[in-house]
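The structure appears right after this line, and notes come after that.
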Amino acid sequence: MAIKLLHPASQLIPAIPTTFSRTQRLELPIHHLWIKNTRLMGNQTTRVAEKSSAFLYEEDSRTVLQIKQDLNQAVKGSNRGIFGVPSAKKSEIHGLVELLESQNPTPHPTLHLDKVGGCWKLLYSTITILGSKRTKLGLRDFISLDDFFQNIDIAKGKAVNVIKFNVRGLNLLNGQLTIEASFKIVSKSRVEIKYESSTIIPDQLMNMLRKNYDVLLGIFNPEGWLDITYVDDEMRIGRDDKGNVFVLERSQTD
């Protein structure tokens, strides 16, 4: 059973009387405990309520399969989020991500790396290329992004990210940026990632991006740590040390 966020409690719950009889205190609904600054709360409970942003939870009857279907539908047309998404759509996607994470069938993924290994295709991430970065990389006029893949070799402790490009004006030239990294397990759900090398092919694409190559690597450099917050046979979700969220689906080809 999953959970979903409702609107802030202050918009849903009627005002509480300032005084209570013994009977009223016993009958007070549990959800009133989330309201700040009532006489029922000690200082510690009040601090917890403040940190919770006063959100309530209720049960969500959707199955994991339904949540995944809804998430796939929500990210459709978002171009993997790389150029940003409207705030309402972003909230919808992240709400579904959190629902799925709450149903993670593999809570200790680094103990079951067979579920993590293989080829994955990126569906959505919060890594974005906006403003001057997009202009510098020619992503407004000349170059467009195609699929993003990640190949994880468990035996070698290696991860290879492949970002594919199309270049207009050069007979629809296809190219790709390949970034290789190593990883090591640091907890039951976290891996530490170290950048090793990168290449761009063909040479024509490298020539176009050479001047701003450091910008490109700054966007896609995977170095840091990554928490695997959901993984099953079809889908994987991760969160990194920079606050980014990644949603991937298993792929048979790259």
**Request:** For atom CG of D203, decide whether the heavy atoms of other residues, nucleotides or ligands shown that lie under 6.0 angstrom number more than 12.
**Result:** no

**Asked** Which residues satisfy the side chain to side chain donor-acceptor pair (under 3.5 Å) test with K89, sequence neighbours excluded?
**Response** E92

**Prompt:** Are the side chain of S125 and the backbone of I127 linked by a donor-acceptor contact shorter than 3.5 Å?
**Reply:** yes

**Message:** Using every non-hydrogen atom in the two residues, find where I154 and G117 come nearest and quote the distance to one decimal.
**Reply:** CG1-CA, 3.6 Å

**Request:** Scan for salt bridge (Lys or Arg N to Asp or Glu O under 4.0 Å) pairs involving residues 205-217, sequence neighbours excluded, and state none if there are none.
**Result:** none

**Asked** Are the side chains of Q150 and V160 in touch, meaning some heavy atoms are under 4.5 Å apart?
**Response** no

**Prompt:** Who passes ring pair (Phe, Tyr, Trp, His ring centres under 6.0 Å) against F83, sequence neighbours left out?
**Reply:** none

**Any side-chain heavy-atom pair of I67 and T63 under 4.5 Å** = no

**Fill in**
Between S78 and V85, the two heavy atoms sitting closest are CB-CG1, 3.8 Å

**Prompt:** Should N174 and F165 count as side-chain neighbours, where that means a heavy-atom distance under 4.5 Å?
**Reply:** no

**Request:** Could you state whether I82 and F142 fall into the same hydrophobic cluster, counting links through intermediate Ile, Leu, Val, Met, Phe, Trp or Tyr residues with side-chain heavy atoms under 4.5 angstrom apart?
**Result:** yes

**Item:** Pairwise side-chain contact, L248 with L123, heavy-atom cut-off 4.5 Å (strictly under)
**Value:** no

**Item:** 4.5 Å side-chain heavy-atom contact, I129 and L145
**Value:** yes

**Request:** Sequence neighbours left out, what pairs pass ring pair (Phe, Tyr, Trp, His ring centres under 6.0 Å) with at least one residue falling in residues 104-127?
**Result:** H94-Y124

**Asked** For E196, which residues count as a side chain to side chain donor-acceptor pair (under 3.5 Å) partner, sequence neighbours excluded?
**Response** K158, S182

**Prompt:** With sequence neighbours excluded, what pairs up with D233 under the salt bridge (charged side-chain N to carboxylate O under 4.0 Å, His left out) test?
**Reply:** K115

**Prompt:** How many angstroms lie between NZ in K188 and OG1 in T106, if you round to the nearest 0.5 Å?
**Reply:** 14.0 Å

**Request:** For the residue pair I143 and L137, establish whether any side-chain heavy-atom pair is separated by less than 4.5 Å.
**Result:** no

**Request:** Might you point out which heavy atoms bring F149 and D147 nearest each other, and give the distance in Å?
**Result:** CE1-CB, 3.5 Å

**Prompt:** Which distance, rounded to the nearest 0.5 Å, do you find between the SG of C119 and the CD of E249?
**Reply:** 10.0 Å

**Request:** Give a yes or no answer on whether the side chain of N104 reaches the backbone of T229 with a donor-acceptor pair at less than 3.5 Å.
**Result:** yes

**Straight-line distance of I163 CD1 to I179 CD1, nearest 0.5 Å** = 4.5 Å

**Asked** For T126, which residues count as a side chain to side chain donor-acceptor pair (under 3.5 Å) partner, sequence neighbours excluded?
**Response** N244

**Message:** Under the criterion side-chain contact (heavy atoms from CB on, under 4.5 Å), I'd like the reasoning laid out for I200 against L209: C-alpha separation, chi angles, the key distance, then a yes or no.
**Reply:** CA-CA 9 Å; I200 291 182; L209 294 172; 3.9 Å; yes

**Message:** Measuring from atom NZ of K133 to atom CG of N212, what distance do you get when rounded to the nearest 0.5 angstrom?
**Reply:** 11.5 Å

**Asked** Can you get from L130 to V245 by hopping between Ile, Leu, Val, Met, Phe, Trp and Tyr side chains that sit under 4.5 Å apart?
**Response** no

**Prompt:** Can you name the residues that form a side chain to side chain donor-acceptor pair (under 3.5 Å) with T178, not counting sequence neighbours?
**Reply:** Q176

**Item:** Partners passing ring pair (Phe, Tyr, Trp, His ring centres under 6.0 Å) against F246 (at least two apart in sequence or in another chain)
**Value:** none

**Message:** Could you walk me through whether E234 and R250 satisfy the side-chain contact (heavy atoms from CB on, under 4.5 Å) test, starting with their C-alpha distance in whole Å, then the side-chain angles of each, then the deciding distance to 0.1 Å, before giving a yes or no?
**Reply:** CA-CA 5 Å; E234 300 171 337; R250 189 169 288 283; 5.6 Å; no

**Fill in**
For residues 235-245, the salt bridge (Lys or Arg N to Asp or Glu O under 4.0 Å) pairs (sequence neighbours left out) are E101-R239

**Closest approach of L205 to I201 (non-hydrogen atoms, all atoms of both residues)** = CD2-O, 3.7 Å

**Fill in**
Of all heavy-atom pairs linking V116 and I152, the shortest is O-CD1, 3.6 Å

**Request:** Taking D232 for its side chain and M235 for its backbone only, find out whether a donor-acceptor pair lies under 3.5 Å.
**Result:** yes

**Asked** ring pair (Phe, Tyr, Trp, His ring centres under 6.0 Å): which pairs involve residues 183-211, sequence neighbours left out?
**Response** none

**Fill in**
Correct closest heavy-atom pair for S189 and P107 would be CB-O, 4.4 Å

**Message:** Nearest 0.5 Å, please: how far is CG in N161 from CG in L122?
**Reply:** 9.0 Å

**Request:** Return each pair, listed once, that meets side chain to side chain donor-acceptor pair (under 3.5 Å) where at least one residue sits in residues 215-227; pairs must be two or more places apart or across chains.
**Result:** R190-D227

**4.5 Å side-chain heavy-atom contact, R62 and L96** = yes

**Message:** Go through it in stages, so that I can follow the logic: the residues are K68 and L100, the test is side-chain contact (heavy atoms from CB on, under 4.5 Å), and I'd like the CA-CA distance, side-chain angles, deciding distance and then a yes or no.
**Reply:** CA-CA 7 Å; K68 288 198 290 186; L100 204 52; 3.7 Å; yes

**Side chains of I237 and V231 in contact at under 4.5 Å (non-hydrogen atoms)** = no

**Within one Ile-Leu-Val-Met-Phe-Trp-Tyr cluster: M206 and L173, side-chain cutoff 4.5 Å** = yes

**Request:** Quick one: pull up CD1 in I185 and OG1 in T110 and give me the separation to the nearest 0.5 Å.
**Result:** 4.5 Å

